[in-house]
Amino acid sequence: MASSSGLRELQRELEAKANDLSKIQKDISKNHQVRKKFTIQLGENELVLKELDLLSEDANVFKLIGPVLVKQDLAEARANVRKRIEYISAELKRLDATLQDLEEKQNSKKEMMLKLQQRAQSLQAGKAKA
């Protein structure tokens, strides 16, 4: 009877680890989605910066604020875009670090689940022999 309750306990533990693993996988998926959004924004901002660099210093630059186009200084526009690129790059680095941490947790949970499954199989094999 002791091995039967031990087996049930192992199964409960295995279910809990599976739930944890599922949550981590959802977080990884969410991280990928956010990272994709930031990567697209980074590309767009880099393109805008290239276009601004092509302009002559006396060119008119306008910024869309709500429904209104407002004239903006070229140097200010370049500075704003550079700041945005810095911010997005920093966010991407942060997301990469978070992703690496999540993947390490995922691998750890998988290893723990594998060990639990092996213990459950050895308990079942011992139970079958008895």
Side-chain angles (χ1 to χ4, degrees):
M1 272 322 234
S3 65
S4 177
S5 64
L7 189 59
R8 271 193 235 112
E9 184 61 35
L10 274 176
Q11 286 173 335
R12 271 191 232 112
E13 211 174 318
L14 198 56
E15 285 177 20
K17 300 290 183 212
N19 289 339
D20 291 347
L21 182 63
S22 176
K23 184 179 179 294
I24 290 171
Q25 287 172 335
K26 285 179 185 172
D27 290 345
I28 288 173
S29 176
K30 200 181 304 178
N31 182 297
H32 281 297
Q33 289 173 350
V34 172
R35 192 178 190 301
K36 183 178 178 182
K37 184 181 86 171
F38 276 119
T39 304
I40 291 169
Q41 286 180 356
L42 181 64
E44 290 171 350
N45 280 284
E46 286 172 344
L47 187 66
V48 168
L49 187 60
K50 284 180 187 174
E51 290 294 321
L52 288 174
D53 287 341
L54 293 175
L55 296 175
S56 62
E57 291 302 318
D58 61 343
N60 289 327
V61 178
F62 295 89
K63 180 178 185 176
L64 185 64
I65 300 176
V68 181
L69 282 174
V70 178
K71 193 169 185 175
Q72 189 177 27
D73 181 48
L74 180 59
E76 184 183 341
R78 284 182 182 143
N80 287 344
V81 173
R82 283 191 184 101
K83 279 284 187 202
R84 238 179 292 143
I85 289 172
E86 283 177 33
Y87 170 76
I88 293 169
S89 297
E91 282 298 302
L92 283 170
K93 284 180 185 173
R94 185 187 64 78
L95 286 169
D96 284 342
T98 303
L99 180 62
Q100 188 174 1
D101 182 49
L102 286 170
E103 286 175 344
E104 287 171 6
K105 285 181 183 177
Q106 179 184 27
N107 291 336
S108 168
K109 293 285 182 197
K110 282 181 179 178
E111 286 175 20
M112 290 171 69
M113 285 180 64
L114 186 62
K115 288 177 184 174
L116 285 172
Q117 286 173 335
Q118 289 170 346
R119 279 182 35 208
Q121 287 173 351
S122 67
L123 274 176
Q124 284 178 332
K127 190 176 170 184
K129 288 180 183 176

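Reckoned from all heavy atoms, side chains included, excluding hydrogens, waters and symmetry mates. On a predicted model such as this, the values are computed, not experimentally measured, just so you know.
Residues L47 and V81 do not share a hydrophobic cluster, defined by chaining ILVMFWY side chains whose heavy atoms lie under 4.5 Å apart. By the rule that hydrophobic residues join a cluster once side-chain heavy atoms approach within less than 4.5 Å of another member, M112 and I24 end up as members of separate clusters. Put simply, L21 and L10 are part of the same group of oily side chains (I, L, V, M, F, W, Y) that touch within less than 4.5 Å, one to the next.
Screening residues 110-121 for side chain to side chain donor-acceptor pair (under 3.5 Å), with sequence neighbours left out, gives no hits.
Here the NZ-CG distance, from K109 to D20, works out to 4.0 Å after rounding to the nearest 0.5 Å. Here the straight-line distance linking atom CG of L114 with atom CG of L14 works out to 10.0 Å at 0.5 Å rounding. In this structure, CG on L116 lies 10.0 Å from CD on E9, to the nearest 0.5 angstrom.
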Donor-acceptor contacts under 3.5 Å from residues 28-44 side chains, at least two apart:
unit_1: N31; atom_1: ND2; unit_2: L95; atom_2: O; d: 3.2
unit_1: R35; atom_1: NE; unit_2: D96; atom_2: OD1; d: 2.6
unit_1: R35; atom_1: NH1; unit_2: T39; atom_2: OG1; d: 3.4
unit_1: R35; atom_1: NH2; unit_2: D96; atom_2: OD1; d: 3.1
unit_1: R35; atom_1: NH2; unit_2: D96; atom_2: OD2; d: 3.3
unit_1: T39; atom_1: OG1; unit_2: R35; atom_2: O; d: 2.7

N/O donor-acceptor pairs under 3.5 Å from side chains in residues 51-70, not counting sequence neighbours:
unit_1: D53; atom_1: OD1; unit_2: R78; atom_2: NE; d: 3.3
unit_1: S56; atom_1: OG; unit_2: D58; atom_2: OD1; d: 2.6
unit_1: E57; atom_1: OE2; unit_2: R78; atom_2: NH1; d: 3.0
unit_1: N60; atom_1: OD1; unit_2: K71; atom_2: NZ; d: 2.9

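Put simply, the side chain of S89 gets close to the backbone of I85: a donor and an acceptor are under 3.5 Å apart.
For the pair Q72 and A77, the tightest heavy-atom approach, listed with the atom from each and the gap, is OE1-CB, 3.7 Å.
With sequence neighbours left out, K23 forms a side chain to side chain contact (heavy atoms under 4.5 Å, CB included) with D27. Applying the side-chain hydrogen bond (donor to acceptor under 3.5 Å, both in side chains) test to D73 and every residue at least two apart in sequence or in another chain returns nothing. Judged as a side-chain hydrogen bond (donor to acceptor under 3.5 Å, both in side chains), and not counting sequence neighbours, N80 has no contacts.
By the 4.0 Å N-to-carboxylate-O rule, E15 lies too far from R12 to be salt-bridged with it.
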